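What follows is a single structure, written as structure tokens, with notes after it.
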Amino acid sequence: MTTQEKMLIGGRWVDAASGETQAIINPFDASVIAQAAKAGAEDANQAIAAAKRAFYENGWGETAAPERARLLNAFAGLMEKGAEELARLETLNTGKALIESQCDVADSIACLHYYAGLVNKPLGHTYSVSDPAVCGFSVREPVGVCGMISAWNFPISLAVWKIAPALAAGNSIVFKPAELTPLSAIRIFEMLEKAGYPVGVVNLVTGPGRVVGQTIAESEDVDKVAFTGGIDAGRHVMRAAAGNMKNISMELGGKSPNIIFADADFDAAVDYGLFGIFYNQGEVCSAASRLIVENSIYDRYLEALVAKTKKIKIGNGLDPDVRMGPLISEEHMNNVLGYIELGVREGATLACGGKRVVKPGYEKGFFVEPTVFTDTRPDMRIVREEIFGPVVTLQRFDGEEEAVRLANDTSCGLAAGVFSSNISKAIRVIRKVRAGITWINSYGPVYNEAPWGGYRQSGIGRELGISGIEDYTEVKQININTNVAPTGWFD
Ligand code: TXE
């Protein structure tokens with residue numbers, strides 16, 4: 001049975017003004033699991049107006065820190081109670097392995113507690129100026145109305161990474177999930193409402209990016225827009241946001257390198273090589289889609305990687321043994337398969353995978369085999385462009401200098417890894433790689449406490465950590481003159 005889902009606008013659960021709906025699909029078997037409201041600009045504008053009233057007229061903007069912390073903790077408590085259902089819903093809507101959805105929910109709850117804890121910690125600072133009679137300090141204040149546009153690959157986590165710091169800082173919000181995956185966000189907003197946020201502080205609008213996303217991005221009443229998605233859509237949002245010079249944060253794609261030196265712990269380097277690209281079917285912004293492997297171990301590494309890749313259990317994400325589900329949609333699956341064909345045409349060698357998985361019971365699902373390419377060149381499109389699927393390319397190098405050169409040969413700069421038992425070398429190399437999220441002898445773990453975001457075309461600003469809340473604030477300097485007297489400047 002499919003459910004009929006509504007949106008939360010100004011404290012009311014409503015359908016789209018047009019009455020239009022959009023079918024939500026389970027990518028495992030292409031079945032329709034829900035009908036979501038397909039909002040238009042009118043709905044988005046109503047949500048923005050509600051958020052504006054809540055912040056500027058109804059006092060939310062002045063809410064004391066302990067109350068903001070209490071509400072976030074209450075929300076976290078509700079998420080904890082509904083954790084298992086939320087995880088199953090996430091898997092149903094995205095196809096990802098249940099164990100991944102469970103991790104996403106647990107990490108999101110921790111993220112909420114982290115930001116609830118940060119609410120009353122010092123975020124401003126004091127400073128000394130040339131005039132000793134002046135006492136100066138800075139405070140951080142909420143930006144105001146925050147529009148949030150999110151992606152389909154980690155619907156719960158990406159929502160919480162935005163919602164938690166924004167509400168902790170005292171903003172009101174209008175959230176737009178990706179059109180393919182609104183279901184967990186709808187449950188999350190039911191929880192936010194139940195936690196007791198005042199009317200209009202939290203608004204959810206489901207609908208297409210080019211309409212709802214565009215309206216949020218260009219509205220003069222939105223003070224900040226936070227975006228996660230592809231680089232092209234990010235560019236549209238930046239342009240639209242220029243009208244009123246919005247504060248913007250962008251978490252975009254990547255083509256991240258993982259450098260494997262010959263002196264690395266071999267088994268760990270192979271294991272993380274898999275984890276870095278095949279987790280969440282490779283639909284990960286920080287995926288290590290380029291494995292850069294030292295020549296002397298290249299053949300052995302390739303052989304071990306391929307052997308393990310062939311053993312990955314693909315299937316229905318709800319099966320607890322499954323480690324890789326289907327891709328998000330038929331269109332995306334076809335894009336990924338198109339890249340694989342392109343790689344072969346470009347002259348790379350398929351070491352394994354490369355096909356759609358069509359076995360009994362899986363015919364309707366959007367499955368692509370985990371795929372490894374060898375014999376690649378740095379100018380190939382499969383090495384340069386984000387594929388956002390279970391496809392990894394291997395490249396050879398000799399020595400630190402070449403490793404760094406290959407790693408930095410990209411217009412992105414989201415993440416990077418280095419595997420070596422020589423920590424001095426690993427640090428030296430990672431410091432030279434132009435990327436915002438890096439790991440040494442590990443790849444992939446996300447820490448709520450650490451700033452997440454990229455260099456170059458991978459984004460602007462940082463989510464998570466202290467930067468995550470700072471990005472939802474404006475900084476105000478307050479200068480107090482303790483020697484009150486006329487200046488006499490114009491006398
Ligand atoms: O994402 P989009 P798509 C990359 C990945 C993927 C490609 C396209 O390479 O293949 O992007 O994926 C909203 N104004 N990533 O098309 O379009 C949209 O509704 C305002 C990387 O699914 O970027 C959704 O809510 N909003 C990424 C959000 O933007 C717009 C995660 C993301 O959608 C808009 C996802 C517009 N003009 C895809 N156009 C990552 N970094 O993790 C779209 N949207």
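If you're wondering where the values come from, they're calculated on a predicted model, not measured in any experiment.
Of the candidates Val105, Thr181, Thr94, Leu89, Ile156 forms a side chain to side chain contact (heavy atoms under 4.5 Å, CB included) with just one, namely Val105. The side chain to side chain donor-acceptor pair (under 3.5 Å) test with Ser249 singles out one residue from Lys224, Glu463, Arg462, and that residue is Lys224. Put simply, the residue from Ile163, Val160, Val446 that forms a side chain to side chain contact (heavy atoms under 4.5 Å, CB included) with Cys111 is Val160.
Under the 4.5 Å side-chain criterion, counting only non-hydrogen atoms from C-beta, Ile277 is in contact with Ser289. Using a 4.5 Å cut-off on side-chain heavy atoms (C-beta onward), Cys412 and Arg456 make no contact. Looking at Ile469 and Leu123, their side chains come closer than 4.5 Å, going by heavy atoms from C-beta outward. Asn93 is not listed as a side-chain neighbour of Trp152, based on a closest heavy-atom distance of 4.5 Å or more. Taking 4.5 Å as the limit, some side-chain heavy atom of Tyr472 sits within range of a side-chain heavy atom of Lys162. Counting only heavy atoms from C-beta outward, the side chains of Val475 and Arg140 approach each other to under 4.5 Å. Taking 4.5 Å as the limit, some side-chain heavy atom of Val237 sits within range of a side-chain heavy atom of Val225. Between Leu204 and Pro177, the closest side-chain pair of non-hydrogen atoms falls below 4.5 Å.
Here the two rings, on Trp13 and Phe189, have centers that are 6.0 Å apart or farther.
Of the possible donor and acceptor atoms, none in the side chain of Asp29 sits under 3.5 Å from a partner among the backbone N and O of Lys364. No donor-acceptor pair closer than 3.5 Å links the side chain of Asn316 to the backbone N or O of Asp319. At distances below 3.5 Å, not a single donor-acceptor pair connects side-chain atoms of Tyr455 with backbone N or O atoms of Ala415. Arg434 contributes no side-chain N or O that, together with a main-chain N or O of Arg431, makes up a donor-acceptor pair within less than 3.5 Å. A donor-acceptor pair is defined here as one N or O able to donate and one able to accept, closer than 3.5 Å; no such pair exists between the side chain of Arg290 and the backbone of Arg384.
Residues Arg235 and Gln457 bring a donor and an acceptor atom of their side chains to less than 3.5 Å of each other.
Rounding to the nearest 0.5 angstrom, the gap separating the OH atom in Tyr197 from the CG atom in Asn203 is 13.0 Å. The structure places CG of Asn334 at 9.5 Å from CD of Glu341, a figure rounded to the nearest 0.5 Å.
Closest approach of Gly170 to Trp60, counting heavy atoms only: O-NE1, 3.2 Å. Of all the heavy atoms in Lys176 and Ile216, the pair that sits closest is CB-CD1, 4.0 Å. Closest non-hydrogen pair, Pro208 versus Ala39, comes out as CD-O, 3.6 Å.
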Gln102/Glu84 under side-chain hydrogen bond (donor to acceptor under 3.5 Å, both in side chains): CA gap, chis, key distance, verdict: CA-CA 7 Å; Gln102 288 163 336; Glu84 197 48 38; 3.1 Å; yes
Worked check of side-chain hydrogen bond (donor to acceptor under 3.5 Å, both in side chains) between Thr21 and Gln35: CA-CA 6 Å; Thr21 60; Gln35 292 288 337; 3.2 Å; yes
Residue pair Asp107, Tyr114: steps toward the side-chain hydrogen bond (donor to acceptor under 3.5 Å, both in side chains) verdict: CA-CA 10 Å; Asp107 288 348; Tyr114 172 75; over 6 Å; no
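Ring orientation note: the planes of Trp439 and Tyr443 are tilted relative to one another, at an angle of 30° to 60°. The aromatic rings of Phe275 and Tyr272 stand perpendicular to each other, their planes meeting at an angle above 60°, with 30° marking the opposite boundary. Using a 30° and 60° split on the angle between ring planes, His332 and Phe388 fall in the perpendicular class, above 60°.
Salt bridge annotation for Glu67-Arg70: present, with a cationic side-chain nitrogen under 4.0 angstrom from a carboxylate oxygen. Between Asp221 and Lys52 there is a salt bridge, with a side-chain nitrogen of the basic residue lying less than 4.0 Å from a carboxylate oxygen of the acidic one. Residues Arg187 and Glu5 are paired through a salt bridge, judged by an N-O separation under 4.0 Å between the basic side chain and the carboxylate. Ionic pairing of Glu57 and Arg53 is not present here: no N-O contact between side-chain nitrogen and carboxylate oxygen is shorter than 4.0 angstrom.
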